[in-house]
Amino acid sequence: MSWRFLRDLLSGVNKYSTGIGRMWVAVVFIFRLLVYVVAAENIWKYEHDEFECNIKQPGCENVCFDHFFPVSHIRLWALQLIMVSTPSLLVVFHVAYRENREKHHNQKLYKNPGEIDGGLLYTYLISLILKTGFEIVFIVLFYKLYSGFKVPRLVKCDIRPCPSTVDCYISKPTEKMIFLCFLVATSCLCIVLNLSEMSYLIFK
C-alpha cells in the first residue's frame, strides 16, 4: 500500500495548523505512519501462516483464526490512520475554496486565505471533533474486538469443524502486544493534542 497520499495530505495541512496542530501532524507522521510502514506491518505480515493449532483437522485452524482475529490488527490500524487523517481534508478544501473565490472575484477578499478565522475556524473545529471521535471509536473497537489490549500466547478453540477443544498458538505475542500498547498510547496522545487545540482555538 502506498502512503504517499497520506504523507502529502499531512504536509499540506501542516501549513494551516496551529502549533499544537503541527505537533499532532508530527506525532501521526513519525510515531504512527513511519512505525507502521517500517516495523509494524512486517510483524503481522504472516500472522495467518504462523497461527498454529495442535490438530490438523481441515478447516479448524482457519475457523479458529477467524474467530480470534476477526479483523487484522494491522489492517485496523491502517484504517484508523486513514480515518483520523482525512478530516483534515476539510481544512484544505476550505482554504482552496477561499483561494478560488479570490481568483473568481479577481480581488483580495481575505487577509490570508489560510488564516484560521471566520468560517475556516468552524471547519477546523469540526475536523478536530471528527479526528477525536474517530480515535475514540477505534480504541473502543480494538478493545471490544480483542477483549482488551493483550495478545495471548495460547487460545483455546472449540468451534466446528474442530473435533474438540484445541490449543492454538499465536506467533510473536509479546512483540505484538508491545506494538498494540504503543498504538493505544499514541492514539491517546493524539486525543489529548486534539482536545488541547480545540480549547486553544475556542478560548483564544
Side-chain angles (χ1 to χ4, degrees), residues 1-14 23-54 56 58-89 127-128 130-157 159 162 166-194:
M1 180 175 184
S2 174
W3 292 99
R4 188 175 296 174
F5 170 74
L6 197 57
R7 184 199 64 195
D8 293 342
L9 169 61
L10 293 174
S11 300
V13 172
N14 207 26
M23 285 173 61
W24 178 85
V25 170
V27 169
V28 170
F29 186 74
I30 297 169
F31 295 106
R32 297 178 81 169
L33 187 56
L34 285 182
V35 167
Y36 176 93
V37 172
V38 173
E41 199 172 20
N42 292 324
I43 293 169
W44 275 272
K45 195 172 186 179
Y46 303 107
E47 59 181 330
H48 187 273
D49 296 337
E50 294 171 348
F51 182 85
E52 293 182 353
C53 296
N54 61 0
K56 295 302 176 186
C60 177
E61 210 167 86
N62 284 338
V63 169
C64 291
F65 181 84
D66 184 62
H67 176 71
F68 290 106
F69 296 98
V71 182
S72 167
H73 284 83
I74 205 69
R75 290 186 183 91
L76 201 57
W77 193 359
L79 183 61
Q80 182 183 13
L81 270 171
I82 293 166
M83 294 302 287
V84 299
S85 299
T86 47
S88 299
L89 277 172
S127 74
L128 289 174
L130 287 172
K131 286 191 282 190
T132 306
F134 284 134
E135 293 282 14
I136 293 168
V137 165
F138 274 96
I139 288 175
V140 172
L141 196 58
F142 267 101
Y143 189 86
K144 292 287 187 184
L145 279 175
Y146 304 111
S147 303
F149 301 116
K150 290 184 178 180
V151 180
R153 298 174 185 275
L154 168 69
V155 291
K156 294 188 178 290
C157 179
I159 305 167
C162 300
V166 298
D167 294 336
C168 295
Y169 301 91
I170 298 168
S171 68
K172 303 188 282 281
T174 306
E175 193 173 18
K176 286 176 179 176
M177 193 170 73
I178 289 168
F179 272 93
L180 192 57
C181 290
F182 180 81
L183 158 72
V184 174
T186 51
S187 290
C188 291
L189 176 58
C190 286
I191 289 170
V192 170
L193 288 171
N194 286 332

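Quick caveat: nothing in here was measured; it's all calculated off a predicted structure.
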Check: Is any side-chain heavy atom of K156 less than 4.5 Å from a side-chain heavy atom of D167?
Finding: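 In short, these two side chains touch, coming nearer than 4.5 Å.
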Note to self: Counting neighbours of CZ on F182 that are heavy atoms of other residues, nucleotides or ligands and sit closer than 6.0 Å, is the number greater than 12?
What the structure shows: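 Above 12, so yes.
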As an exercise, state the distance from [atom1] of [X] to [atom2] of [Y], rounded to the nearest 0.5 Å.
{"X": "F179", "Y": "I74", "atom1": "CZ", "atom2": "CD1", "result": "8.5 Å"}
{"X": "I170", "Y": "R153", "atom1": "CD1", "atom2": "CZ", "result": "10.5 Å"}
{"X": "W77", "Y": "S187", "atom1": "CH2", "atom2": "OG", "result": "8.5 Å"}
{"X": "T186", "Y": "I191", "atom1": "OG1", "atom2": "CD1", "result": "10.0 Å"}
{"X": "L154", "Y": "N54", "atom1": "CG", "atom2": "CG", "result": "8.5 Å"}
{"X": "R32", "Y": "L189", "atom1": "CZ", "atom2": "CG", "result": "9.0 Å"}

Hey, can you pull the donor-acceptor pairs under 3.5 Å for the side chains in residues 58-71, sequence neighbours left out?
from: E61; atom 1: OE2; to: C53; atom 2: N; distance (Å): 3.2
from: N62; atom 1: OD1; to: H48; atom 2: NE2; distance (Å): 2.9

If every non-hydrogen atom of [X] is compared with every non-hydrogen atom of [Y], which pair is closest and at what distance?
{"X": "C157", "Y": "C168", "value": "CB-SG, 4.3 Å"}
{"X": "W24", "Y": "S85", "value": "CH2-CA, 4.4 Å"}
{"X": "Q80", "Y": "F142", "value": "OE1-CE1, 3.8 Å"}

